[in-house]
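Please read all numbers here as calculations on a predicted model, not as lab measurements.
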Amino acid sequence: MKTVALLYDTSCIYEIVILNYFLKVTGKEMQFVSLDGKEITATEGYRIVPEDRLDSADPKDVELLVIPGGDIEKIDIPEVWKYLKSVKDLGGRIAAICAGVDVVEHAGLLEGIESTHSGEKDVVTSDRITTSRANGYVDFAIEVAKQMELFEDEADLQETIAFWREFRRIE
């Protein structure tokens, strides 16, 4: 099982970088994809060459699909909605932040569940879907990591919160 991050021109990399760090250091297999497998330019100006096309990642092998915010016009399409539904139907998790949440909503996956679109919370997990507002990127990373059971124990979780959310130096 692997984590797939769907990147596209204007992807806001800062929104997912902490989550990607948590996944990487805990040994999760990650695959960065774009719709066509071609280089993208993130909002921050980074040029990123994805490993492959979105359709190269078999939805049955996707443990987590991550969608960052940005100008979603090119990914807010039926092909992506179908892929999201397949991941969800096959038991995978979806994590979307900022405008990425709109893609999940347009796929019909937020109907009847709590999300950042249905309330005032900055980060919400419901029915294996985590949604977040852009300002919640640290809590988004921590929440998805909790859902993925990446923390060794409660002490590990609390140390992570102290460092990443509260900016406390850990000795």
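For the atom pair Ile13 CD1 and Thr43 OG1, the distance stands at 8.0 Å (nearest 0.5 Å). Rounding to the nearest 0.5 angstrom, the gap separating the OG1 atom in Thr160 from the CD atom in Glu152 is 9.0 Å. Atom CD of Glu15 is separated from atom CD1 of Ile97 by 4.5 Å, given to the nearest 0.5 angstrom. Rounded to the nearest 0.5 angstrom, Ile75 CD1 and Ile40 CD1 are separated by 10.5 Å. For the atom pair CG (Leu19) and CE (Met30), the distance works out to 8.0 Å, reported to the nearest 0.5 Å. In this structure, the separation between CD on Glu29 and CD on Glu63 is 10.0 Å, given to the nearest 0.5 Å.
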- Message: Could you go through Ile77 and Leu35, starting from their C-alpha distance and side-chain angles, then the distance that decides it, and tell me whether this counts as side-chain contact (heavy atoms from CB on, under 4.5 Å)?
- Response: CA-CA 11 Å; Ile77 58 174; Leu35 280 180; 3.8 Å; yes
- Item | side-chain contact (heavy atoms from CB on, under 4.5 Å) evaluation trace for Thr26 with Met148 | CA-CA 10 Å; Thr26 57; Met148 299 288 293; over 6 Å; no
- Take Val104 and Leu65 through the side-chain contact (heavy atoms from CB on, under 4.5 Å) test and state the conclusion after the steps. CA-CA 11 Å; Val104 178; Leu65 177 63; over 6 Å; no
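In this structure, Phe151 and Phe22 have perpendicular ring planes: the angle between them is above 60°, well past the 30° mark.
Scanning all heavy atoms of the two residues, the minimum distance from Val144 to Ala95 falls at CG2-CB, 3.7 Å. When all heavy atoms of Asp71 and Thr10 are compared, the closest pair comes out as N-OG1, 2.7 Å. The heavy-atom pair separating Gly92 from Arg128 by the smallest distance is O-NE, 3.3 Å.
Residues Ile94 and Phe32 are members of separate hydrophobic clusters, defined by side-chain heavy-atom contacts under 4.5 angstrom among Ile, Leu, Val, Met, Phe, Trp and Tyr. In the hydrophobic clustering of this structure, Leu64 does not group with Val124; members are Ile, Leu, Val, Met, Phe, Trp, Tyr whose side-chain heavy atoms approach within less than 4.5 Å, directly or through other members. Hydrophobic clustering, with ILVMFWY side chains joined whenever heavy atoms are under 4.5 angstrom apart, groups Val103 together with Ile129. Linking ILVMFWY residues whenever their side-chain heavy atoms come closer than 4.5 Å, directly or via other members, leaves Leu90 and Leu84 in distinct clusters. One hydrophobic cluster, built from ILVMFWY side chains closer than 4.5 Å, holds both Tyr21 and Leu157.
Inter-residue side-chain proximity for Asp76 and Trp81 is flagged as met; some heavy-atom pair is nearer than 4.5 Å. In this structure, the side chains of Tyr83 and Val62 come closer than 4.5 Å at one or more pairs of heavy atoms. When side chains are defined from C-beta on, Leu150 counts as touching Lys28, because their heavy atoms get closer than 4.5 Å. Looking only at side-chain heavy atoms (C-beta outward), Val101 and Leu110 come within less than 4.5 Å of each other.
Under a 3.5 Å cut-off, the side chain of Asp9 and the backbone N or O of Thr41 do form a donor-acceptor pair. Remark: side-chain polar atoms of Ser126 are not paired, donor with acceptor, to backbone N or O of Ile113 under 3.5 angstrom. When atom types are taken as modelled, the side chain of Arg133 and the backbone of Lys121 share a donor-acceptor pair closer than 3.5 angstrom. A donor-acceptor contact shorter than 3.5 Å is absent between the side chain of Arg165 and the backbone of Asp139.
Tyr8 pairs with exactly one of Pro50, Ser34, Pro68 by the side-chain contact (heavy atoms from CB on, under 4.5 Å) rule, that one being Pro68.
More than 12 heavy atoms of other residues, nucleotides or ligands lie within 6.0 Å of NZ in Lys2, so this atom counts as buried by the packing criterion. Atom CD of Glu44 is surrounded by more than 12 heavy atoms from other residues, nucleotides or ligands within 6.0 Å. Applying the 6.0 Å contact sphere to CD of Glu166 captures more than 12 heavy atoms from other residues, nucleotides or ligands.
With no hydrogens or angles considered, no side-chain donor-acceptor pair links Glu143 and Thr130 at under 3.5 Å.
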